[in-house]
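The next block holds one structure in the form of structure tokens; read it before the comments.
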Amino acid sequence: MRVGFVGWRGMVGSVLLQRMQEERDFDHVDPVFFSTSRAGGAGPPIGTADVPLRDANDPKAFAGLDAIVTCQGGDWTHAMHPALRAAGWSGHWIDAASALRMNDDAVIILDPLNRGVIDEARARGAKDWIGGNCTVSLMMMAFAGLLERDLVEWMTCMTYQAASGAGAQNMRELLAQMGEAHLAAKALLESPGASILDIDREVAGILRDERFPTEHFGVPLAGSLIPWIDKDLGNGMSREEWKGSAELNKILGRGVVPPEHAARASPQGGPRPPGAAKPPIPVESICVRIGAMRCHSQAVTIKLTEDLPQAEIESLIAGANEWVRLVPNTRDASIRHLTPAAVTGKLEIAVGRVRKLALGPGYVGAFTVGDQLLWGAAEPLRRMLRILVGR
Ligand code: HSE
């Protein structure tokens with residue numbers, strides 16, 4: 001299989017190549033590397049060395065490829081996907097960007113949960129395979145054991161999303177902000193007698209200072225948080241919050257929930273989209289950016305369709321797939337193992353704080369942490385390629 005790679009130098013693309021090398025995926029595909037800005041330059045030392053980078057802006061350069069894997073971003077997808085399809089290119093398009101996600105003929109890929117949906121779509125001749133929103137994919141991996149058995153009546157997700165979800169420049173800016181905040185308080189911190197209120201006043205002052213570095217986030221994240229992610233849909237919901245419901249249901253083959261319906265989704269399930277076998281699961285979220293580097297965390301409330309015992313809930317969650325790691329609901333285990341610091345850079349999905357809530361029968365609370373560059377972005381893409389290769 002000849003596979004073109006676009007956007008492999010960026011953050012998600014770099015993680016993807018690293019994971020593909022770790023899993024020896026390149027033993028099964030013949031890679032061709034593209035660039036939007038450095039065509040003719042040297043590609044990564046993978047596959048046929050000394051082959052110059054092809055021009056990612058030239059539709060003709062993709063002729064003859066069986067698949068394209070892109071982490072280049074939505075603008076490139078919007079420009080090149082229609083151009084290539086119009087030119088008759090009929091290979092598999094595997095994309096990290098959200099641009100095509102909600103197209104009728106695109107499948108959101110998260111194979112540990114929706115291998116059946118993927119296989120059915122392949123049998124129908126589907127060719128567009130799109131990675132899901134990181135928050136949604138991580139949450140679904142965490143609670144696959146409940147979702148797969150159709151045990152979720154509805155759920156809420158309160159998210160704590162890392163800087164990496166906003167981009168590499170935002171990660172840099174978070175660190176610059178942390179540095180500035182420390183610098184403002186440094187002299188006082190070094191003086192043992194300094195009052196903490198004086199230290200805090202210095203920090204608050206620099207966070208509000210117009211010279212504080214906020215070019216990418218627009219506001220301080222270090223020492224603060226940002227309770228809005230992505231566009232304002234104008235109905236009180238951010239686009240990130242809408243994705244929770246829309247993408248989860250599309251991934252599970254329960255149809256697409258348009259933004260105007262998501263706002264009205266009720267615990268009874270809301271309108272059933274045409275063609276979906278089951279009604280959508282209502283998912284409500286408040287999505288918040290916090291000062292973690294690359295792990296998204298989420299506190300969820302799940303209303304189960306059955307009032308299962310605690311031990312069964314835990315064993316369903318823990319047994320769903322090889323990546324979920326159930327963290328005992330104790331203080332010590334939670335603060336050591338259920339954090340971005342513990343999970344970053346790992347494929348595991350930590351799930352903890354699992355507890356039946358006093359709200360009524362079937363109410364469960366839980367907390368989950370996952371690396372948004374791995375299962376949240378790169379991993380579903382490389383696994384889709386392996387599915388297509390057939391090994
Ligand atoms: N939209 C996510 C975020 C990242 O901003 O954290 C990618 O899905």
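Both counts, for ligands and for their atoms, begin at 1 and track the order of listing. Throughout, numbering of the chain's residues begins at 1 and tracks the sequence. Everything numeric here is computed off the predicted structure, so don't read it as measured data.
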N-O pairing of Arg19 and Asp25 below 4.0 Å: no
Min heavy-atom dist Lys243 to ligand 1 below 4.0 Å: no
Nearest-contact summary for atom 8 (O) of ligand 1 - protein heavy atom, Å: Cys134 SG, 2.8 Å
Check: Glu173/Gln169 side-chain N/O donor and acceptor closer than 3.5 Å: no
is_close_aromatic(Phe212, Phe217), centroid dist under 6.0 Å: no
Residue Ile229 vicinity, atoms of ligand 1 by number, heavy atom under 4.0 Å: 5 (O)
Test of proximity, Gln372 against ligand 1: N or O pairs below 3.5 Å: no
Residue, atom name and distance, where the atom is the protein heavy atom closest to atom 5 (O) of ligand 1: Arg289 NH2, 2.7 Å
salt_bridge(Asp332, Arg336) N-O dist < 4.0 Å: yes
Contact atoms of ligand 1, heavy-atom distance to Asn133 under 4.0 Å: 1 (N), 2 (C), 8 (O)
Salt-bridge present (Arg122, Asp119; N to O < 4.0 Å): no
Asp105 and Arg85 ion-paired at < 4.0 Å: no
Thr135 heavy atom under 4.0 Å from ligand 1: no
Test of proximity, Gly165 against ligand 1: N or O pairs below 3.5 Å: yes
Enumerated ligand 1 atoms positioned under 4.0 Å from heavy atoms of Glu240: 1 (N), 2 (C), 3 (C)
Check: Ser238/Asp230 side-chain N/O donor and acceptor closer than 3.5 Å: no
